[in-house]
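For reference, the structure is listed below as structure tokens.
Quick caveat: nothing in here was measured; it's all calculated off a predicted structure. Atoms within each ligand, like the ligands themselves, are counted from 1 in listed order.
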Amino acid sequence: MIPIRSYVSLLSRYLRRVKARMTVLAGFALGGIALQLLLPQLIGRFIDDAIGGAATDQLIPLALWFLVVALARQALAIATTWLAEDVGWRSTNELRSDLTRHVLDLDMDFHKEHTPGELIERVDGDVTALSEFFSAFVVKVVGNGLLVTGILILITFEHALVGLILSVFTLATLALMMAVQTVAIPWWKTQRASSAELMGFLGEQLSGTEDIRANGGVGFMVHTFTDILRRWLPRRVRSRLGFAMLWGTGIVHFVVGATLVMWLGTRYLGPGGLTLGGVYLIFHYTEMTRNPMDEIRSQMEVFQKAGAGIDRVTELMERRSNLDTSGTTAIPSGALSVVFDHMSFAYADDETSTVLHDIDISIAPGRVVGVLGRSGSGKSTMAKVLTRLYDPTQGRVLLGGVDPREASLHDLRRRVGMVTQDVQLFRTTVRNNLTFFDAAINDERLMSVLADLGLSNWLDSLPNGLDTMLESGAGGLSAGQAQLLAFTRIFLKNPGLVILDEASSRLDPATEAMIESAVAAVIMDRTAFVIAHHLGTVARADDIMIIENGTVIEFGERTTLQADPTSRFSRLLASGMEEVLA
Ligand code: ATP
Ligand code: MG
């Protein structure tokens with residue numbers, strides 16, 4: 001049941017990067033074992049010499065040696081722990097960043113299935129559970145295995161029969177531990193899955209707290225939370241029981257072992273058998289197996305936790321994006337032509353849920369297309385297909401003559417810019433929010449872009465200019481300001497196609513005017529889709545596209561449509577968009 005192969009492959013992949021440290025760590029661990037084995041030998045000799053009537057002068061060097069070795073052992077123990085932590089964090093951080101990168105590359109379907117909270121639990125929680133596995137598993141299991149073997153061999157040197165009996169006993173304890181562990185692993189897995197669910201729920205609810213409170217959803221959410229907790233608790237209890245059982249076997253080992261040694265010791269003490277120092281030595285050694293057995297046991301815990309974690313990590317790593325991102329075709333520079341070639345799209349696989357139906361339209365480079373349609377008609381969906389958050393279900397899209405599925409994703413993201421209905425801001429400075437952490441964009445460039453967009457006044461109104469901190473979400477800014485910020489983002493990357501998904505809420509006239517002039521600047525010399533909720537916005541469009549229930553019911557030049565009294569567009573203009581569409 002234990003996926004040994006994925007354990008090994010994951011371990012070797014990430015430990016290879018910290019090879020030198022691992023080697024030093026192994027050296028320290030081996031040194032520690034040797035010193036641990038040496039210590040009781042010194043005491044045993046001390047006892048036998050003392051009983052044999054050795055002079056104090058002979059005993060003192062032994063005692064001093066004991067002190068030196070004991071201190072050295074502690075020093076090595078500290079160094080080993082430190083190094084093990086270091087190796088653990090280094091390797092798991094690599095794993096964390098690989099996972100994060102992977103998750104960010106996955107398609108939108110994946111992100112719809114998994115809440116941010118759940119992903120955090122998987123990228124961080126599961127990996128943290130792995131960190132001890134990475135840092136110490138090999139060193140501790142191999143090290144402690146060697147230590148126990150060494151102890152048993154040395155006991156056998158003292159007395160062959162006692163050595164044999166204690167070896168059998170030790171093996172039996174280990175077998176018992178293995179058995180308990182097999183029972184406990186599935187308990188652990190269900191508990192981790194439960195935790196992820198809990199975190200996912202919490203993450204989602206906390207980020208949606210404004211809406212939940214405003215809509216009176218608190219009661220329901222608390223109720224759901226209680227439900228999840230109620231499911232979580234028994235699993236948690238059972239998984240702790242698994243630990244307790246493992247822990248118990250360690251105690252049993254100690255009690256039975258000590259009894260066994262006392263009995264064997266009294267039996268074989270005397271001439272031809274064991275010396276008093278020898279009995280002490282065996283007792284001490286048996287007592288000493290307790291620690292490594294305990295370590296091996298606790299590594300089994302680590303191993304079980306890792307089992308669940310590794311399963312989930314490899315599962316996540318093996319999840320492939322629905323979007324094939326291996327394309328390399330370059331997208332031409334300058335304004336991009338846009339062709340919908342009998343393109344249909346559905347979010348789900350079944351036919352009935354098709355959101356966009358057989359769209360077949362060509363748009364020349366540099367045209368500004370005003371897109372109109374009722375709420376839910378599929379406007380934003382069209383934008384998502386154009387930016388390749390999704391691929392068409394049927395037919396295709398061509399941008400500058402290139403199918404986005406064959407284009408390099410990096411190129412595509414650079415050449416197509418979108419401002420969505422609700423702009424996501426990050427909890428950092430205005431500067432970083434504008435440049436998306438691209439340090440290559442200097443302040444001068446930023447200022448001149450802001451000036452081009454008519455945003456200099458806005459910048460001046462900020463308390464700390466570009467260094468003003470923003471809240472995450474859209475906390476610090478109004479919807480209009482957030483959109484202005486997003487325009488600047490687009491302007492900085494100079495795309496050949498821009499898609500502006502206008503916020504459906506009304507803005508105040510001052511912001512509206514700023515947006516107007518910013519839009520004018522952004523769509524200049526570019527192909528543009530302006531998804532409009534207000535008729536004023538489409539005044540500058542070259543073409544008009546009206547979508548109803550996912551079908552383009554009208555498409556043509558704005559002036560032509562305007563002049564034709566039978567067109568939908570002119571009827572819209574006559575009666576006002578709000579009446580006809582909304
Ligand atoms: P609005 O004017 O309100 O912004 P819209 O025209 O942009 O509306 P879309 O967001 O494109 O509308 O939605 C079109 C249809 O697709 C709707 O019926 C919606 O329920 C559905 N839809 C949108 N996003 C998803 C999604 N992520 N998964 C499944 N269905 C979706
Ligand atoms: Mg929309």
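When T381, L356, V371 are checked for heavy-atom proximity to atom 11 (O) of ligand 1, T381 turns out nearest. The closest heavy-atom contact to atom 14 (C) of ligand 1, among the options A532, G550, G376, comes from G376. When the heavy atoms of S380, A383, G378, S353 are ranked by distance to atom 10 (O) of ligand 1, first place goes to S380.
For the side-chain contact (heavy atoms from CB on, under 4.5 Å) with L485, the lone residue among L470, V419, V423, L455 that qualifies is L470. Partner of Y14 under the side chain to side chain donor-acceptor pair (under 3.5 Å) criterion, chosen from D98, N93, T92: D98.
Annotation: G373 places no N or O atom under 3.5 Å from an N or O atom of ligand 1; distance criterion only. Among the atoms of V355, none of the N or O lies under 3.5 angstrom from an N or O of ligand 1. At least one N/O-N/O distance between K379 and ligand 1 falls below 3.5 Å.
The aromatic rings of Y347 and Y390 sit perpendicular to each other, their planes meeting at more than 60°, with 30° as the lower class boundary.
Of all protein N/O/S atoms, those lying under 2.8 Å from the Mg ion (ligand 2) come to 2.
Side-chain atoms of S408 come within 3.5 Å of backbone N or O of D411 as a donor-acceptor pair.
Within the 4.0 Å heavy-atom cutoff, S377 counts among the residues contacting ligand 1.
Of all atoms in ligand 1, numbered sequentially from 1 with element shown, those under 4.0 Å from a heavy atom of K384 are 24 (N).
Note on D403 versus R396: no salt bridge recorded, every NZ/NE/NH1/NH2 to OD/OE distance being 4.0 Å or above. A salt bridge does not link K379 with D501: none of the charged nitrogens is closer than 4.0 Å to a carboxylate oxygen. Ion pairing between a basic and an acidic side chain is recognised when a charged N comes within 4.0 Å of a carboxylate O; E516 and R540 show such pairing.
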Evaluate the criterion salt bridge (charged side-chain N to carboxylate O under 4.0 Å, His left out) for residue pair D542 and R558; output intermediate values, then yes/no. CA-CA 6 Å; D542 302 316; R558 181 174 57 85; over 6 Å; no

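Annotation: ring-ring contact (aromatic ring centres under 6.0 Å, His included) contacts of F436 (sequence neighbours excluded): F426.
Atom-to-atom distance recorded for S448:OG and D443:CG is 11.0 Å, nearest 0.5 angstrom.
Proximity of M108 to ligand 1, defined as any heavy-atom pair under 4.0 Å, is not found for any part of the residue.
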